[in-house]
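These numbers come from the heavy atoms of this one structure, side chains and all, not from hydrogens, waters or symmetry mates. Source: prediction; values computed, not measured.
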Number of protein chains: 2
Amino acid sequence: MKVENKHTKIIAAATKVFAKKGFFTARISDIAKEAKVADGTIYLYFNNKYDILLSVFEEEVGKIVESTEKLLRLEDDPRRQLEIFCSQHLHSMKKNRYLAEVLQIELRQPYKLIKEYRDNTFSKYTGIIAEIIRNGQRLGLFRPELHPDLAKRCIFGALDELSRVWNASLETNYTVEEITNQVLAIFLIGLEVTRSSEEG
Amino acid sequence: MKVENKHTKIIAAATKVFAKKGFFTARISDIAKEAKVADGTIYLYFNNKYDILLSVFEEEVGKIVESTEKLLRLEDDPRRQLEIFCSQHLHSMKKNRYLAEVLQIELRQPYKLIKEYRDNTFSKYTGIIAEIIRNGQRLGLFRPELHPDLAKRCIFGALDELSRVWNASLETNYTVEEITNQVLAIFLIGLEVTRSSEEG
DNA sequence: ATTCCCTGAATGGCCATTCATTCATGTACT
DNA sequence: AGTACATGAATGAATGGCCATTCAGGGAAT
């Protein structure tokens, strides 16, 4: 209990410090101060600095993946699934702003351990999108000439970049719902006015 | 002449080394070795390590922005302009893979100087997309309910993430044209099969 | 008194940056 | 055309600071 508390506290502190300073200029003593523990205490719970970062990834992202997958299982229509994925992702990123920043910044680093995490674990998360698209194609709902792996990148890249609006100074006034709607409007229906007006 | 050569050589070497190792674990001596100069020589051309990174941004990205803007001026139709922007961006990133990686990784770092560059200079580049969209809305070609600033992020995020396919191990077999077409298919026309088939 | 956390000062290694020195080239003088 | 001197680009070993990590000791709980 006590252990779980301190572990969690350090994870939260590290997420915040990494978000603000970036992994490499963040000092262990910054994290310790933020978590209100001694520098040495951190090494009772983590092997080294990288281990802290990887734990942030694994534990925090793990929660998101799990809850997203659970929600998706309740829905059959790929269009709705896409909506759920986008909405969930944006909600998570807004709720945990620091985690969002850490993911956006550090998940791309070309270091062995980070790459490994990205390729082995995180890619499953973005893979969900490709799966949805493949399924939509199978059902004849999505256009068959699209490559699911490219579409997946389009969508994930868009979500990733969009979740930065809450950190940017100016464009802070969007709600999650608004952004989700915009994403789906663009991806499902497209930019052009003719398509959607033919609809209505 | 000699000077220009060495400056350029160091920029190229740094781009490569930063791409492979990331800014923070890249050592000056790595860059020096790659550029085939002495460690000290680098300080005849740059003030410090950050200065090298910023120079990479400014000089290399500067070229891209300039040539993109020139091309866009020759075209009126926002749909075509969007196509040009996407195609140009992807072409540039494929041509200079190391630069692509450095941009994707380092441009997001939360350090003052990098932030400044991003907010003051780089944002002009992504701003081009928002401008195209605004223009398309004015002309009644793009849907008026879309926020140009959100759409801009969608599109840039998608392009950014897509240009990683050339670094990933598996999905390497796409051409720039193929990817451009996919992006436009998704953004302009949307994912759903009904919209595009109503068209044909 | 033993166990279990916890602490934070001290250690050691790494690397950006510096700078005394070398070397190549150019210029001037005979 | 050979000698002497000047310049400044280039070098790379040495310096110094920073910070992750360690560990000897403190103190609370049983």
Side-chain angles (χ1 to χ4, degrees), chain A residues 1-58 102 105-106 109-117, chain B residues 1-58 102 105-106 109-117:
Chain A
M1 172 56 110
K2 218 177 183 179
V3 168
E4 198 30 47
N5 268 337
K6 215 151 259 188
H7 178 99
T8 309
K9 246 169 91 178
I10 294 170
I11 289 275
T15 308
K16 184 166 175 182
V17 173
F18 287 155
K20 288 206 172 153
K21 297 198 148 193
F23 178 76
F24 289 98
T25 55
R27 280 167 294 150
I28 292 292
S29 58
D30 294 332
I31 300 174
K33 197 193 260 182
E34 179 73 36
K36 289 178 184 149
V37 298
D39 294 15
T41 306
I42 290 183
Y43 289 87
L44 298 175
Y45 296 90
F46 301 92
N47 297 325
N48 52 46
K49 204 181 169 188
Y50 269 104
D51 190 31
I52 307 176
L53 181 60
L54 287 178
S55 301
V56 169
F57 288 159
E58 265 158 27
V102 175
I105 299 163
E106 310 301 345
Q109 300 287 355
Y111 310 111
K112 202 163 169 296
L113 289 172
I114 298 179
K115 256 185 180 157
E116 264 169 37
Y117 169 76
Chain B
M1 171 59 105
K2 219 176 185 181
V3 169
E4 197 33 44
N5 268 338
K6 214 149 261 190
H7 178 99
T8 308
K9 245 168 91 179
I10 294 171
I11 290 275
T15 308
K16 185 166 175 183
V17 173
F18 287 154
K20 289 206 171 154
K21 299 198 147 193
F23 178 75
F24 290 98
T25 55
R27 280 167 294 149
I28 292 292
S29 56
D30 294 332
I31 299 174
K33 197 194 262 183
E34 179 72 36
K36 289 178 185 152
V37 299
D39 293 16
T41 306
I42 290 182
Y43 289 88
L44 298 175
Y45 296 89
F46 302 93
N47 298 325
N48 51 48
K49 204 180 168 190
Y50 270 104
D51 190 30
I52 307 176
L53 181 60
L54 287 177
S55 301
V56 169
F57 288 159
E58 265 159 28
V102 175
I105 299 162
E106 310 302 345
Q109 299 287 356
Y111 310 110
K112 203 163 168 293
L113 289 172
I114 298 178
K115 255 184 180 158
E116 264 170 36
Y117 170 77

To the nearest Å, give me how far apart [atom1] ([X]) and [atom2] ([N]) are.
X      : N       : atom1 : atom2 : result
L44(B) : dC19(C) : CG    : P     : 13 Å
K21(A) : dC19(D) : NZ    : P     : 8 Å
N5(B)  : dA9(D)  : CG    : P     : 15 Å
I10(B) : dA9(D)  : CD1   : P     : 13 Å
D30(A) : dC19(D) : CG    : C1'   : 10 Å
K33(B) : dG12(D) : NZ    : C1'   : 14 Å

Partners passing side-chain contact (heavy atoms from CB on, under 4.5 Å) against Y111(A) (at least two apart in sequence or in another chain):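 Here the qualifying residues are F24(A), Y50(A), Q109(A), I114(A), T25(B).
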For L54(B), all residues meeting side-chain contact (heavy atoms from CB on, under 4.5 Å), sequence neighbours excluded: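 For L54(B), the residues satisfying side-chain contact (heavy atoms from CB on, under 4.5 Å) (neighbours in sequence not counted) are F57(B), L113(B), Y117(B).
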Main-chain N/O of V37(B) paired with T41(B) side-chain donor or acceptor, under 3.5 Å: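 No, T41(B) side chain to V37(B) backbone: no donor-acceptor pair under 3.5 Å.
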Set of residues satisfying side-chain hydrogen bond (donor to acceptor under 3.5 Å, both in side chains) with respect to E58(A), sequence neighbours excluded: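 Scan of E58(A) (side-chain hydrogen bond (donor to acceptor under 3.5 Å, both in side chains), adjacent residues dropped) gives none.
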Listed partners of K16(B) passing side-chain hydrogen bond (donor to acceptor under 3.5 Å, both in side chains), at least two apart: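 Per chain and number, K16(B) pairs via side-chain hydrogen bond (donor to acceptor under 3.5 Å, both in side chains) with E34(B).
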Whichever of F24(A) and K36(B) has its nearest DNA chain D nucleotide further upstream toward 5':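 Whichever sits nearer the 5' end wins; that is K36(B).
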Nearest-neighbour nucleotide for the Y45(A) side chain, dC5(C), dA16(C), dT7(C) considered: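 The listed nucleotide nearest to Y45(A)'s side chain is dC5(C).
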Under 4.0 Å protein heavy-atom contacts per nucleotide of nucleotides 21-30 of chain D, with B for base, S for backbone only and - for none: BB--------
Residues in salt bridge (Lys or Arg N to Asp or Glu O under 4.0 Å) contact with D30(A), at least two apart in sequence or another chain: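 K21(A), R27(A).
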